[in-house]
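Written out below as C-alpha cells is the structure these notes cover.
Below, all heavy atoms of this structure are taken into account, side chains as well, without hydrogens, waters or symmetry copies. Numbers restart at 1 for each chain; the letters A, B, ... are given by sequence-line order, proteins then strands.
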Amino acid sequence: MKWFAANARDLPWRRDHSAYRVWVSEIMCQQTQVATVLPYFERFLEAYPTIANLAAADEAELMRMWEGLGYYRRARSLHAAAQKIVAEHDGNFPTSFDDVLALPGIGRYTAGAILSISRNEAFPILEGNTQRVFSRWIGLNVPPTERESQARLWEFSELMLPRRSADDRTRGPAGFNQAAMELGALVCSPRNPKCDECPVASLCHANLFGLQDEIPGKISKVQYESRTEIAAVFRVDDKVLVRTLPKGVRFAGMVDFPREGPPVASDLAGMESWLAVQLGVEVQLGMKLKTIKHAVTRYRMTLQVHAAHLGVGQMDAGEAAASTVASSIALPEGWQWATLDELEAMPMSVTGRKIVGLLKDAQPSLFG
DNA sequence: AATACGGGGAC
DNA sequence: GTCCCAGTATT
C-alpha cells in the first residue's frame, strides 16, 4: 500500500519544512482550501521570514497581509503566538507537544500537524479531509462531528500512523499525515469520490459496500441569515471618512467605512441618526452608489452603499462648504479622514475594499 | 454541546 | 443557492 503516492502536490511548506513555515501554513489552511492559501503564504514568508520578524510585525500591516483570507482571529493569534515564542522559547518554535498546544490559535489538530510535518514525529491528526477519509474507510455511520465518532477517528488516525525513523519523511508520519489529507482533498472528495484511483479502495468499507454517498453523513447545519446593511461614504476634497474598529469587536484593528445594520440602522433614517450621534452634526444620506452582495460565513449580506453629506443643506452648498464643515468636526476615537491611496496600506474587510475600488472609478461629481 | 468566525471555492 | 474547506476559541 503506497500512501505516499497520493502525496503529489508541490507545496511550498514541503520544499522547506521548517517548523515556522509549517506553522504558518497550518494556520492559514484552517477552514481554507490549500489553493487559496498559496499566494498568501509566499507573500507572508517574504514579509516575515522569521518568527522574530513576525513577533515584531506592525499589527495593521499584518492584518493587511491577511486581508481576504477571512477568520481574522487567526492572524491575531499568530502574532501573539510569535511574541510568546520569543518571550518563552528564545525565538525557537517549541518541540514538545504541550508547548505547541499552549500557543494561541493551535489546537490538537494543528499541534499534531506541525510536529509531524516539520519534525516527522508520530502525532496523529484529524481535520476535514481525514474525517471523511477515515469515516469511509472504517464505515463509520455516525456523523463524524459526534463526540463518539471523534474519539474513534482520532484512535484510528493514531493506529494507522507509521512509526518510522525520523529521517524517513516520505514513509513516516510526515508523509502519512499529508498523504491522508491529500487523499481526501484530491481523491476521496465529498461528492463523487474517485475510488478507482484510491490506494486503499480494497480496504475501504464504504467502497466495498457502496456507501460513499452515505458516509460521512451530512455535517452542515448552518442556518443562513440574510442581512441588509448600510455603508456611508463621506467624500470631502480627496478624502473619505473611515474608522478603525476597536479591540474585541468584529474586524478589530481593521478599517471600515461607517457601516451598520439592524437594529442600529434598519433604514436610511436610522443610519442618519446614528451617524449624527457619532459625528455631532446633521447627516444626510444621498445617492445610492452601489448595492454589494456578499456571502460570508453564515451571512448573506446586501450592503447598500450611499454617498453621505455633512450638515443640513450641504448637498447643494458646494465643495468649499463641505470642506469647512468637515474640518470643524471632532471625530470620535478611531475615526479619520483618509485618501484612497492611504487606504491601500490599511487592512479592510472585503466589502470595505470593494467600496474603495468603487470610489476609484467613481465620478467626483456624485458627491457634490 | 453549540456557536461564532463577516472568506472563498466548487458545483 | 448549498456544502465544504489541512479548526480554534468562546459560551
- Ranking A:Met301 and A:Asn192 by the position along DNA chain B of their nearest nucleotide, the one closer to 5' is A:Met301
- Would a line drawn from the ring center of A:Phe156 to the ring center of A:Phe134 be shorter than 6.0 Å? yes
- Quantified in whole Å, what is the P atom distance between nucleotide B:dT3 and nucleotide C:dC3? 16 Å
- Message: What is the separation between atom CD on A:Glu225 and atom P on C:dG1, rounded to the nearest whole Å?
- Response: 14 Å
- Message: Judged by each residue's nearest nucleotide on DNA chain B, which is more toward the 5′ side, A:Thr36 or A:Tyr299?
- Response: A:Tyr299
- Query: Separation of A:Arg227 atom CZ from B:dC5 atom P, in whole Å?
  - Reply: 10 Å
- Task: Answer with base, sugar-phosphate or nothing: what part of the nucleic acid does A:Gln131 contact at a heavy-atom distance below 4.0 Å?
- Result: nothing
- Indicate for each nucleotide in nucleotides 3-9 of chain C, in 5' to 3' sequence, whether protein heavy atoms under 4.0 Å reach the base (B), only the sugar-phosphate (S), or nothing (-). BSBBBBS
- Message: For A:Trp66 together with A:Tyr40, are the ring centres under 6.0 Å from each other?
- Response: no
- Query: Reckon A:Arg298 has a side-chain N or O less than 4.0 Å from the OP1 or OP2 of B:dA4?
  - Reply: yes
- Touch class at under 4.0 angstrom, heavy-atom based, for A:Arg147 against every strand present: sugar-phosphate
- Query: If you look only at pairs with a residue in residues 71-93 of chain A, which of them pass as a side-chain hydrogen bond (donor to acceptor under 3.5 Å, both in side chains), with sequence neighbours excluded?
  - Reply: A:Thr32-A:Arg74, A:His79-A:Gln83
- Task: Only counting residues at least two apart or in another chain, list the ones meeting side-chain hydrogen bond (donor to acceptor under 3.5 Å, both in side chains) with A:Arg136.
- Result: none
- Task: Would you please name every residue forming a ring pair (Phe, Tyr, Trp, His ring centres under 6.0 Å) with A:Tyr48, sequence neighbours left out?
- Result: A:Phe44
- Note on the structure: Taken to the nearest whole Å, NZ/A:Lys194 to P/B:dA10 is 12 Å
- Expressed in angstrom and rounded to an integer, what is the separation of A:Lys354 atom NZ from B:dG8 atom C1'? 10 Å
- Co-members of A:Phe209 in a cluster of I, L, V, M, F, W and Y side chains, linked at under 4.5 Å: A:Leu208, A:Leu211, A:Ile215
- Query: Could you give the CZ-to-P distance, from A:Arg353 to B:dG8, as a whole number of Å?
  - Reply: 12 Å
- Could you give all pairs that pass the side-chain hydrogen bond (donor to acceptor under 3.5 Å, both in side chains) test and reach residues 186-199 of chain A, with sequence neighbours left out? none
- Query: If we take the P atom in both C:dA6 and B:dA4, what is their distance in whole Å?
  - Reply: 23 Å
